[in-house]
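A, B, ... follow the sequence lines: proteins, then strands. Residue 1 opens every chain.
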Protein chains: 2
Amino acid sequence: MKQIWGVCTLDEEFVKREDALKNYNVSDYKTPDGYTSDIAIFTISPKDDQSQEQVLKLLLIKRAMKNAEGEPNIEGGKWALPGGFIDAHNKETAMMAAERELKEETGIDGIFLKHFGVYDEIDRDPRGWIISNAHYAVVNEKHLIYRKASDDAQEVELFSIDDVFSLPLAFDHERIIKDAYEMIKEDMIQTTVAKEFLPEEFTLSELWHVIVSVASHDAIETNANFHRKARNLKFIEEALDENGKVKTAKRFSKKPTKLYRFNDVQVLKSIYR
Amino acid sequence: MKQIWGVCTLDEEFVKREDALKNYNVSDYKTPDGYTSDIAIFTISPKDDQSQEQVLKLLLIKRAMKNAEGEPNIEGGKWALPGGFIDAHNKETAMMAAERELKEETGIDGIFLKHFGVYDEIDRDPRGWIISNAHYAVVNEKHLIYRKASDDAQEVELFSIDDVFSLPLAFDHERIIKDAYEMIKEDMIQTTVAKEFLPEEFTLSELWHVIVSVASHDAIETNANFHRKARNLKFIEEALDENGKVKTAKRFSKKPTKLYRFNDVQVLKSIYR
DNA sequence: ATAATAGTGTCTATTAGACAGTATGGG
DNA sequence: CCCATACTGTCTAATAGACACTATTAT
């Protein structure tokens, strides 16, 4: 590395910012007409009122036919991911804007949120060159009732993921939702994101049903074998009460079940081992 | 889904684009001052002239002290990732711009390239609100000689990844490079990206050394056990010649070695299995 | 008692992983 | 023959995965 430092003396090592900024003309390049964040908000809830089968669902908003001024709204009447423009006046990043939007939808902070892609094709939005940062979030269903109650001006609906693609979707949101779905299925298998769907303390059966409803049966043992295997998984542990005894609860059965919790252990499975 | 479709009659189902665009005023929001792509170009090559130990290296460019007009250049004298502004006049996306830049650096098309993050903090660049799309690429070292030869106006250098963080780095490129390094280590373990460092046909030892030099010994068996295990890996297969016999080659030893190739099988290792 | 969920027992086959040993061929 | 690399043998312990079986308790 010595030859690198040899080319200039110390006091002219770097250009000073104030010298450089005088000469910079940003207008040589076309700049985006808009910079937005969109969020695919996932939850798991029963398929319908009768069934107790849990399925993955996605929250969508029906775009209003008319905007605030009473004029026709762009892509009005179609279903879209919640999202909006990034408030750069308040020094927002795409992630911060997504967090803000997510709080507006759910009323709570601290929800799991992951950036998974950028959609920047020049004609993806007829209003101009509008760049979307795509995120997905995982929310317990109870928090989504908040939004339905707090703002009935817009139609908000939870759709089973399999129903989503038969809806009329705004902009390129079909592509974005497909990518979000692929991403969450992968993460469900390779990361501990399953915990975002579960309470702090959960039963092995609850965990098993989350994995199966998002990914597939291939991702996990049969329920019976999973019980035996669970004790070897490094990233979950039994939930203990103040006396050090394993906590139990009744969930789906009459027999009390042991409760587990995720710990902070990170796992990475190598394809070469 | 029936109640969704009940709210409006068919011929006013969606707003027509031409009606909506008349009312849209994009200037309500601050727009970015620049939209760029940066690329962390990785290669593997011998640590130094003496050693035959292979290490992961990163290509960096030393920013010129003066710009084309002979004025002081922003962040001049510091090392930076190759990259530049997205050419929206030519309908480029961030990915296309990265591909273009990568071709400029290497002279060839079709190199592995992956988008892994967006850096959009409002003050990450003193010139204004300039958004960077970060990618990483994997190139065989031989293609990087091209760039050194084709443009000696700029200083281009390959650094061992461990040396990079003692350099003066422009903008927030230290953060971006750290993230790129974490990402490639993870991908090396969980995906078949290792193939991008290797020729079409390679020996098991070559593959083994790639994994170890990027990830760690934990990601893979010992060299001896890996040989036995290799035949059970779904995503590699023996390279056959036209007579259906396994091809061999001499690489590091006198004894000829079997050649392997990656096939198209995708693997996802579940943490729950 | 029954039903429903929560586990456990048990068996066979395969895999993990350490370590030592054999194979090849240029010098 | 020596050496470096490329494998292969072999052993023990652990895991995979199928399937049958037991456990608990509200009804």
Completion exercise
Taken to the nearest 0.5 Å, the spacing of B:Ile108 CD1 from B:Leu102 CG works out to 8.0 Å

Exercise for the section: Give a yes or no on whether a donor-acceptor pair under 3.5 Å exists between the nucleobase atoms of C:dG9, that is its base, and the side chain of A:Arg228. Expected result: yes

Practice task
Could you state the atom-to-atom distance from NZ of B:Lys250 to C1' of D:dA6 in whole Å?
Solution key: 13 Å

Problem - Pair A:Glu200 + A:Arg261: basic N to acidic O under 4.0 Å - result: yes

Handout entry: Heavy-atom check, side chain of B:Ile271 versus side chain of A:Ile189, under 4.5 Å
Key = no

Handout entry: Whole-Å gap separating C1' (C:dT5) and NZ (A:Lys258)
Key = 15 Å

Handout entry: Residues within residues 194-227 of chain A bordering DNA chain D, heavy-atom distance below 4.0 Å
Key = A:Glu221, A:Asn225

Practice task
Would you mind telling me which of C:dT24, D:dA23, D:dC7 lies closest to the side-chain atoms of A:Lys255?
Solution key: D:dA23

Practice task
Please work out which of the three classes, parallel, tilted or perpendicular, describes the rings of B:Tyr136 and B:Phe112, given edges at 30° and 60°.
Solution key: tilted

Fill in the blank from the handout: Contacts of A:Lys254 and A:Arg231 projected onto DNA chain C by closest heavy atom; the upstream (5') one is A:Lys254

Exercise for the section: Send over the distance from B:Lys234 NZ to C:dT15 C1', rounded to a whole Å. Expected result: 12 Å

For residues 262-270 of chain A, which side-chain N or O atoms pair as donor and acceptor with protein atoms under 3.5 Å away, sequence neighbours left out?
unit_1, atom_1, unit_2, atom_2, d
A:Asn263, OD1, A:Val265, N, 3.0
A:Asn263, ND2, A:Lys234, O, 3.0
A:Asn263, ND2, A:Glu237, OE1, 3.1
A:Lys269, NZ, B:Arg273, O, 3.1
A:Ser270, OG, A:Tyr272, N, 3.0
A:Ser270, OG, B:Ala219, O, 2.5

Practice task
Just jot down the side chain to side chain contact (heavy atoms under 4.5 Å, CB included) partners of B:Arg175, sequence neighbours excluded, or say none.
Solution key: B:Tyr119, B:Lys178, B:Asp179

Exercise for the section: Quickly work out the A:Lys229 NZ to D:dA18 P distance and round it to whole Å. Expected result: 12 Å

Exercise for the section: Would you mind reading off the distance between A:Ile271 atom CD1 and C:dA16 atom P, rounded to a whole angstrom? Expected result: 14 Å

